[in-house]
Structure formats: structure tokens, C-alpha cells
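Residue numbers start from 1 in every chain, and the chains themselves are labelled A, B, ... in the order their sequence lines are given, proteins ahead of strands.
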Number of protein chains: 2
Amino acid sequence: MRDTSGVTRESAAERHAISADLIAVLVAAPNGNPVVLTVKDGSALPSGPFELIHRSLQSGLRNWVEQQTGHPVGYIEQLYTFADRDRSSDEPAGRVISISYLGLTREEPSHRTPPGSWRNWYEFFPWEDHREGAPEIIGDIIVPRLRQWADEAEQQDERQNRLRRAAGAFGFDDRHWNEEMVLQRYELLYEAGLVEEAVRARGAKVAATVPGRAMTGDHRRILATGIGRLRTKIKYRPVVFELMQPSFTLLQLQRAVEALAGVTVHKQNFRRLIEQQDLVEETGEMSADTGGRPAKLFRFRHSVLDDRPAAGTK
Amino acid sequence: MRDTSGVTRESAAERHAISADLIAVLVAAPNGNPVVLTVKDGSALPSGPFELIHRSLQSGLRNWVEQQTGHPVGYIEQLYTFADRDRSSDEPAGRVISISYLGLTREEPSHRTPPGSWRNWYEFFPWEDHREGAPEIIGDIIVPRLRQWADEAEQQDERQNRLRRAAGAFGFDDRHWNEEMVLQRYELLYEAGLVEEAVRARGAKVAATVPGRAMTGDHRRILATGIGRLRTKIKYRPVVFELMQPSFTLLQLQRAVEALAGVTVHKQNFRRLIEQQDLVEETGEMSADTGGRPAKLFRFRHSVLDDRPAAGTK
DNA sequence: CTTATTATACTCAACTAGAGCATAATAAGG
DNA sequence: CCTTATTATGCTCTAGTTGAGTATAATAAG
């Protein structure tokens, strides 16, 4: 605390041996497909240096994302800032501060984003998609390996502790699956040495990793943070609409929510919730291509935002 | 996005014209008094440069807070990172990135913190304390001035919009008071030119400001962010316990929650909630100095943290 | 005209949250 | 001792919310 202590400031040179990077988790959900913008053949999140020209961090991010994708970003939210020493091994002299953001965009790909840039995010987290029940890799691969990892602990306490954490995160041993714990699950796997990033960082231990595409540095951790945040947010803020076309059927809306949350919801209750909260209004048109009875088309009631405490889509 | 675009990196010199500051909102609640650690006679939050020695941002913060206060910080959470150009007018050449944290500590002041360092946070936000009903300044001063501000808008739309936002934030015109909207309220007052910081930044407009102590730069905004975050958090995570002594009565616990939230809660329901969630266990001892019937003493059940999804004190 | 598929309306039971009533246990003042 | 004030603690009632199911409507495909 420079204000209370007698600690002197470091020299300007030392103080300035710092740079900042902006990292984006940019999400879209065309036809209920949860996708994230990637670079380098899906192995990294888009990132760029924070430049002096930018008015603020957020406007800097917004600028270059829109420049790159050609689409407006509706909703932007800061995720996390870190500067861990072991994360930025590429710049031993100075220090990189990484500031990550979550952004939601309505449109998918334009000609400006090379094909393959948008990836279904469950490629990176195959254990997170429970829309058709718990994925088999959880029971077949993840749980056994986590049990093994728990057994490897020296202390009895620690064994139980590991097991409890694993069961809580992955919902086994009569615990429930909580779709919001994306980050905790990833970190648990990391700690257990079951993801490639952990093997990479700790060298040695070429333990058999669990399925799921790895990313550069800790980009996959950042992605996990973004997905987790989004899954929490949709329950109390109407952010899904940032991902929807101007008009949509209630089922399309539901599919988008399910894509993000990775779980299915009770159709009738979903509709009840959306309607009783006045989140949408009918456009008057109908959609014929439902494959069954035609559905009413709705639009988001933008005015709810300045209305009541505003709910989400729990 | 340096990875997708052809944009070249700036020179190292330019890239490094950046420094980082850590700012702390450090909270305690001795006998149900919500206090925050300040410096410079209550006009600023403690802050310090991020140094290259620090292992990470969080450990850097933890280090110097514990060094300064002499007390361990239980819970630390990142608040927000910003680098707005107009906020750091003191360093026109480079750019300061400010990373703010919320920290909770159990003990109050030690010999290491000068007296007067800990301030009741309602000195800064007198309109936020509704424990004895809505403060008079809201009806007497704030609402009338906000109405006036709304009237000053050129467009009819904008007038209504301002009024709606003000009513939603401050809970008038049959809207309910929502204690979590601390930041929104501060920002509304700022926008309306009713806090000293706004007058300072925009020069001119020596409009009569509203009561409440101002702070340096946007420290008061950061404090508002911290209080708001804490008020949200206590509802779903048992963080209050970080502020309590090892053993406490349920009323003491309730008073702490009320101090933070700025509203009172129904005593019986509060107890029901705490107990049915197994957040606490009896120590077996009783407290005699309650002024009435003696109360059982409780301690926090630390194990709940790895128990169930873990609830808070809503 | 039957089957599959989706849309939409309604019901019911379990649980949660807000509010109040009642009683217990102490201290202080007569 | 007895009354009053104060806090602790147990219990009930009601309204609202949530999860899950039933029933019916409207379309396309065969």
C-alpha cells in the first residue's frame, strides 16, 4: 500500500516491465449450437495486446472483436485478470497481465472469420454436454481415473477430501450434476493431471489424459470460466437474447438455453417462466418450419431491461 | 487479435508504457459495524503497485494486506480491472491498469493500522443503510434532485427513462428497494452530477451534491462495487463467517449480515435458514451478555464448504 | 386417415419464503 | 416476590415458486 507504508516505488523501468493482453471468449449459438471463436486451428482463444489508443479495456476489446468478426458484440463482461508467474513463461523479463472477457454475439461467422474459427465448445469439454444424459466418458473414463487419483493420496483425510470434491464436481456417488461448476471440474482434472495442459506444465507424469481438446497456455481454463459464468448468468439475467435472431420460436429459445447450460429443461415450465416474466412478446407471425404444429414467433421485449429487477431463464 | 490479423505488435517501448495498481476493498464487521480500511484520512482505499516479485496478483495483494494490517485475510475475490483513460489523468504518458479486490477479515484494527483507518462504510454511502428504515436523505434530498435531473432531459423519452432508472435504483414510485444495486445507485448519482466526484471530473456544474463522503479518483466507485458484490454474495455463499469470531450467537451473526446488507431480516426465518442448511453447530457454551435470555453459542461448520452445493444466508 | 412431431393449456404436489404467534429464560426495578 | 423489558427459540399459516405430469391442438408425411 503505497499510501500507508514507507515502501518506495520501484524505478520507472522496473515498474513498466509490464504489458497487458486482452483475451476474448466470444460466444454464439446458431441453431442451438454453442460455439466459441478460436484461432490457430482451434487451439487458442483470440487475444491481442491492450493498446494505448484504446479508450478503455472494454472498448479496446469491443473494437477489435468487431473489426475481426464483422459483427457487433451485444454483451460484454469482464471475466478475470491474472498475472501468474508460471502462466507467462514466454516473457521472463517482464510480466504479462491477461485480462479476459466474455462476449456474446448474435450472428455466426462472416467472410472475415476463416472457416473453422468457430468451434462447438463441447469439443474442449466433452464432459459438459448433458443434453442427452450424462456423457459416457464420465462414467467410463473420468470417474475411474478420479477415484484412482483420490486413492493415490497419502493421507486418509486427503483421500476422502479428493473423493468428495470429485463427486461434488462430477455428480457421482449420489451427488447431483451442477452445470455451473465448469471451472471447478476443469481445475479438478488439471489437479489430477488428467488434462494435457497439466501434463505440459508439470512435465513428467504422462498419465493418460481424458478426452477433450487442449488449448494453448491456460486458454482452456479461461474458456471454462466463460462458460461457467454464462451458465450462471442466464439464470438471472436475460442474456440469452443476445444470441438470438430478432424473432424466434420459444423452442428455439429453449434450445439456445439448453445448448449453453448443457442440460435439457422441462418445455412447459420453460415457457411458463419466460412468459410470466414478460421477457418476450408475440410478433404476430408464425413459423411453419417446426416439423409439427406451427409456432408463434416472439421477439425480446427490450424494455424489460429497465423494467423490474429483471429475471433470467432459470 | 494478433493471432488472426496482420496487425503488427507495437514497439516494446510503447507496449511497456503500462503499469498496474492493486486496489483493496478490505472489509470487517466488528460488532455488526460494517467497516472498510481506508488511507489518507478516509479519502482513499489502500492501493499499491503490482510488483514483479509477486507470484500472482492475488498473492501480491494478500501479502501486503497482511503485512499492513497484521491480520490474515480470509476471503479474497477479484472485483474489476479497468484502464479508462480519463481515470488515470496523472500519468499521461503511459497507462495504469487498476485491479481491484474485495477482501474479508475477521479482526479489526491492530497496532499496525493507524486509528481512523477503518471507517463505517455508510459514511460514504449514507443512502445505503436501511436498517432503521429508508434514510431521510433519500426522500428529502436524493429523490427530489433526481426528479429534477430527469426533468432536465431534452427529450420526453429520456425524461421518462431517467425517472424509471432512478425509481428502480432508489426504490421510489412503488418500486422496491434492492440492496444489491449499490453500484447502479452510485453511478446514477454520478451521472446526475450529484456526487463530488462527478463535479470534479466534469468541472463546471457546481450542483448541490448529496451527502456522503467523497474519495480520490474513482475509489468510491470501487467501494460501491465491493459492497454490491458482497451483498450479492452473502445470499448464496457463506462468506459472512469470514467476518465472525470463532464463536458467536445467532443474533450476532444476523447483525453482521444486516450490517452488510443494510436491511433487517426476520429473526426467526433467519435462524431457520441458517440451521436447516447446517451452516453452524453448537459449541455447547452459552453467552450471558445478551441482555435477555442467554443465547447458545455457535461455530461455523467449515466442512459445509466441501459439502453440498453450499448455500448462503439469503 | 394414421402416425409422428411440435405447440400450448392446465393441474397437482412438494417445497420455499415471508410473516406472525407463543413461550422460555434472563436482568432490572420496584 | 412480582412486574416489565429484552432476547431466545419453537411452531404455524399462507402465498408463491418449482418440478413433473396430463391433455389437447395443429401441422406434415406416409
Side-chain angles (χ1 to χ4, degrees), chain A residues 31-32 130-133 176-180 234-236 247-258 261 263-298 308-314, chain B residues 31-32 130-131 133 176-180 234-236 247-258 261 263-299 308-314:
Chain A
N31 354 300
H130 289 227
R131 286 175 294 177
E132 313 196 337
H176 278 170
W177 174 260
N178 178 349
E179 80 276 2
E180 295 177 20
I234 49 172
K235 293 195 180 151
Y236 65 100
S247 96
F248 46 82
T249 69
L250 291 182
L251 186 59
Q252 286 170 341
L253 181 65
Q254 183 182 343
R255 293 290 180 237
V257 169
E258 291 174 336
V263 296
T264 53
V265 304
H266 183 104
K267 191 170 178 173
Q268 295 93 320
N269 292 348
F270 178 79
R271 301 164 60 93
R272 174 174 66 188
L273 207 65
I274 298 296
E275 291 186 313
Q276 85 185 6
Q277 287 179 161
D278 286 321
L279 289 173
V280 297
E281 62 191 4
E282 299 182 10
T283 65
E285 322 245 301
M286 301 286 279
S287 164
D289 44 339
T290 54
R293 172 173 168 176
K296 290 179 187 166
L297 285 170
F298 292 82
R308 305 287 112 182
T313 56
K314 188 187 317 178
Chain B
N31 354 300
H130 288 228
R131 286 176 294 178
H176 279 171
W177 175 259
N178 179 349
E179 79 277 1
E180 295 177 20
I234 49 172
K235 293 196 181 153
Y236 65 100
S247 97
F248 46 83
T249 70
L250 291 182
L251 186 59
Q252 286 169 340
L253 182 64
Q254 182 182 344
R255 294 287 181 240
V257 169
E258 291 174 336
V263 295
T264 53
V265 305
H266 182 104
K267 191 171 181 175
Q268 296 93 318
N269 292 347
F270 177 79
R271 301 165 61 94
R272 175 174 66 188
L273 208 65
I274 299 296
E275 292 187 313
Q276 84 183 9
Q277 286 180 159
D278 287 320
L279 290 173
V280 297
E281 61 191 5
E282 299 181 11
T283 64
E285 323 244 300
M286 302 285 281
S287 165
D289 43 339
T290 54
R293 174 175 169 175
K296 291 180 186 162
L297 284 170
F298 292 83
R299 75 171 71 88
R308 307 285 111 184
T313 57
K314 187 191 312 178

Determine whether any donor atom in the side chain of B:R272 lies under 3.5 Å from an acceptor atom in the base of D:dG10, or the reverse, and answer yes or no.
-> no
How far apart are the C-alpha atoms of B:H130 and B:E179, what are their side-chain angles, what is the distance that settles it, and do they pass the side chain to side chain contact (heavy atoms under 4.5 Å, CB included) test?
-> CA-CA 9 Å; B:H130 288 228; B:E179 79 277 1; over 6 Å; no
Establish, with yes or no, whether the OP1 or OP2 oxygen of C:dT6 is under 4.0 angstrom from a side-chain nitrogen or oxygen of A:K267.
->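 For A:K267, the contact criterion (side-chain N or O under 4.0 Å from OP1 or OP2 of C:dT6) is not met.
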How many whole angstroms separate atom [atom1] of [X] from atom [atom2] of [N]?
| X | N | atom1 | atom2 | answer |
| --- | --- | --- | --- | --- |
| A:L273 | D:dA20 | CG | C1' | 15 Å |
| B:L253 | D:dT9 | CG | P | 13 Å |
| B:R271 | C:dG20 | CZ | C1' | 16 Å |
| B:K235 | C:dT16 | NZ | P | 18 Å |
| B:L251 | D:dT6 | CG | P | 14 Å |
| B:Q254 | D:dT9 | CD | P | 12 Å |
| B:F298 | D:dT7 | CZ | P | 18 Å |
| B:I274 | D:dA8 | CD1 | P | 14 Å |

Spatial distance of atom CG (B:L250) from atom CG (B:L279) [nearest 0.5 Å] |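 So the gap between those two atoms works out to 10.5 Å.
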Looking across every strand, which nucleic acid part, if any, lies under 4.0 Å from A:L250 by heavy atom: base, sugar-phosphate, or nothing?
->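 If one applies the 4.0 Å heavy-atom cut-off, A:L250 turns out to touch nothing in the nucleic acid.
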May I ask you to decide if A:N31's main-chain N or O and A:Q252's side chain share a donor-acceptor pair within less than 3.5 Å?
-> no
Check: A:L297 main-chain N/O paired with A:S287 side-chain donor or acceptor under 3.5 Å = no
Which nucleotides of DNA chain D pair, in dot-bracket form (Watson-Crick or G-U under 3.5 Å, | meaning another strand) | ||||||||||||||||||||||||||||||
Should A:K235 and A:E180 count as an ion pair when the cut-off is N to O under 4.0 Å?
-> yes
Electrostatic pair A:K296:A:E282 at N-O distance under 4.0 angstrom | yes
Mind checking whether A:E281 and A:F298 have side chains closer than 4.5 Å, heavy atoms only?
-> no
Heavy-atom side-chain contact between B:R131 and B:V263 under 4.5 Å | no
For every nucleotide of nucleotides 21-28 of chain D, 5' to 3': is a protein heavy atom under 4.0 Å from its base (B), only from its sugar-phosphate (S), or from neither (-)?
-> BB--BBB-
Decide yes or no on side chain to side chain contact (heavy atoms under 4.5 Å, CB included) for B:V257 and B:F270, but give the supporting numbers first.
-> CA-CA 10 Å; B:V257 169; B:F270 177 79; 4.0 Å; yes
